[in-house]
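Worksheet: the structure to be examined is printed underneath.
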Amino acid sequence: MGPDDSFDAVRAIADAILYEGYLLYPYRRSSGKNRVRWQFGVLVPPVWAQVRGLNGAGVAGSAESWRQQTECLLEPAGETAIELRIRFLHQQRRQVLRRADDGTLSPVDSLQDGPRLELSFDEAVPREFDVRTSAAELLAGEKRVAVTVPAGEEREPLPGGQVLIERAALRATAVVSATPCETPFPLLRLRCRIENDDPSTPADATREEALRASLLSCHTLLAVRGGAFVSLLDPPRWAEAAARDCVNEGAFPVLAGEPGSRDVVLSSPIILYDHPRVAPESPGDLHDATEIDEILSLRTLTLTDAEKREARATDPRAAEIIDRVESMPPAALSRLHGTIRAPRPSAGPGSVTVAGVEVSKGSRVRLRPRLTGTDPQDMFLTGRTGLVEDVLLDVDDTLHLAVTVEDDPGADLHRWYGRYRYFTPDEIEPLEAS
């Protein structure tokens with residue numbers, strides 16, 4: 001296993017996770033949504049976390065904890081080699097200093113020198129740590145790896161002063177282990193626990209101070225040679241109980257890479273499905289995967305020159321977005337509009353029989369989504385009622401029901417532009433007409 005080959009196929013989606021929410025449109029420091037940052041996979045100092053009740057799994061509604069745990073299933077085969085890559089962002093403080101007439105430097109909020117604008121603002125740099133091991137080594141005992149980054153400081157000269165960049169030291173530990181599962185075929189439960197070990201952040205520190213000693217957007221990539229991972233979303237029947245027993249804290253492991261492959265897992269702080277990918281039409285990261293590239297690109301083009309100038313001064317990644325959107329040719333922008341990846345209309349009578357009841361457009365149903373093999377978000381729809389909008393076939397001729405959720409306040413809007421939830425006939429329960 002080479003140092004890069006294992007994860008090349010998933011780097012695009014992993015980078016999208018790493019920078020999710022890093023800066024949000026309009027990418028300016030003055031925007032309210034960019035005042036509270038770092039929302040996913042935040043591993044804070046343990047003392048600071050424990051005082052606030054952030055235990056290993058965090059608290060309801062919180063994405064912050066002092067540790068993160070991934071458990072996934074691995075079918076070993078012969079000499080099973082395992083590689084883990086721990087990835088996160090390291091916050092650094094970017095402070096602008098103005099030079100007085102006597103040569104002394106003092107911190108300022110901004111510095112204007114001709115056309116150049118510099119702003120004081122926190123940014124972040126990516127960090128990666130690799131762990132190489134084997135199933136045999138882990139079965140003999142857990143492996144502990146220190147994850148450390150020294151403090152750092154750089155100075156960038158400016159005509160009227162300088163920029164001071166400061167980074168606090170980071171200390172964490174990765175604990176990797178494996179245990180056999182009680183299954184009819186050989187199966188291992190692979191665990192990777194990452195713990196923030198920072199000893200210096202006081203319990204009464206502000207969140208901004210604690211973030212300087214935190215691992216941000218923390219996630220893990222796992223690769224195997226001589227074996228295969230098992231999907232936790234859609235495991236084989238013989239491994240279903242083992243999949244249910246996996247305990248994941250602040251992490252959601254899914255199969256990654258090309259559909260059908262089982263040699264890489266992405267354990268993300270954001271809920272994903274198996275084999276996630278970035279749309280091929282996307283020209284680059286916009287740091288907001290809940291939005292549409294076309295909308296964000298068009299909105300960015302509408303920023304005033306002053307707003308673009310502030311965005312460029314806010315962060316180098318914001319400057320990159322502004323420059324990319326402004327230089328995007330019409331053909332590239334047009335590719336963001338109108339791409340369809342959806343089921344085609346059924347050529348049949350537009351109905352399906354479920355439990356002896358004919359279900360068609362306008363039928364009311366109760367939703368019973370499977371807990372495996374589907375969109376993980378569907379678990380929140382269990383028991384709710386919906387209205388069938390159409391009966392469709394996908395490219396494999398599998399029947400799907402296009403449904404709007406009845407108590408969804410946006411149902412009329414979803415119906416207007418054709419954004420539905422899709423369920424197979426065995427995931428719905430027909431309801432009598434009311």
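Given the structure is predicted, the values throughout are model-derived calculations rather than measurements.
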Any idea which heavy atoms bring [X] and [Y] closest together, and the distance?
X      : Y      : result
Leu272 : Leu233 : O-CD1, 4.0 Å
Ile86  : Cys218 : CG2-SG, 4.4 Å
Ala313 : Leu117 : CB-O, 3.2 Å
Asn248 : Ala251 : CB-O, 3.1 Å
Phe423 : Pro369 : CE2-CB, 4.0 Å
Tyr422 : Tyr420 : CE1-O, 3.5 Å

Between [X] and [Y], is there a donor-acceptor pair closer than 3.5 Å when you use the side chain of the first and the backbone of the second?
X      : Y      : value
Arg171 : Asp198 : no
His400 : Arg421 : no
Asn196 : Ala213 : yes
Glu64  : Val44  : no
Gln68  : Gly250 : yes
Ser351 : Ser360 : no
Ser268 : Ile270 : yes
Trp66  : Gln50  : no
Thr80  : Gly226 : yes
Lys143 : Ser134 : no

Taking ring-ring contact (aromatic ring centres under 6.0 Å, His included) as the cut-off, I'd like each qualifying pair that reaches into residues 210-237, sequence neighbours left out, listed once.
none

side-chain contact (heavy atoms from CB on, under 4.5 Å) between Thr173 and Val145: does it pass, once the steps are laid out?
CA-CA 6 Å; Thr173 300; Val145 178; over 6 Å; no

Strictly by modelled atom types, are Ser65 and Glu249 linked by a side-chain donor-acceptor pair under 3.5 Å?
no

Scan side-chain atoms only and decide if Ser261 and Glu258 contain a donor-acceptor pair under the 3.5 Å cut-off.
no

Working to the nearest 0.5 angstrom, can you tell me the gap between Leu401 CG and Ser363 OG?
8.5 Å

With sequence neighbours left out, which residue pairs that include part of residues 181-193 fulfil the salt bridge (Lys or Arg N to Asp or Glu O under 4.0 Å) condition?
Glu71-Arg189, Glu71-Arg191, Arg193-Glu195

Ala124: partners by side chain to side chain contact (heavy atoms under 4.5 Å, CB included), with sequence neighbours left out
Tyr22, Trp38, Leu89

Would you mind telling me which of Leu188, Thr183, Leu73 makes a side-chain contact (heavy atoms from CB on, under 4.5 Å) with Val230?
Leu73

Just say parallel, tilted or perpendicular for the rings of Phe129 and Phe88, cut-offs at 30° and 60°.
parallel

Partners passing salt bridge (charged side-chain N to carboxylate O under 4.0 Å, His left out) against [X] (at least two apart in sequence or in another chain):
X      : value
Glu358 : none
Glu429 : Arg368
Arg384 : Asp407

Please walk me through it: do Val147 and Ile194 pass side-chain contact (heavy atoms from CB on, under 4.5 Å)?
CA-CA 9 Å; Val147 177; Ile194 306 169; 5.7 Å; no

Between Glu406 and Arg364, is the closest basic N to carboxylate O distance under 4.0 Å?
yes

Are the charged groups of Asp130 and Arg85 less than 4.0 angstrom apart, N to O?
yes

Report, as yes or no, whether the 6.0 Å neighbourhood of atom CD on Glu79 holds more than 12 heavy atoms from other residues, nucleotides or ligands.
no

Any heavy-atom pair between the side chains of Val365 and Val388 that's under 4.5 Å?
yes

Can you spot which of Arg94, Gln91, Arg93 makes a side-chain hydrogen bond (donor to acceptor under 3.5 Å, both in side chains) with Asp122?
Gln91

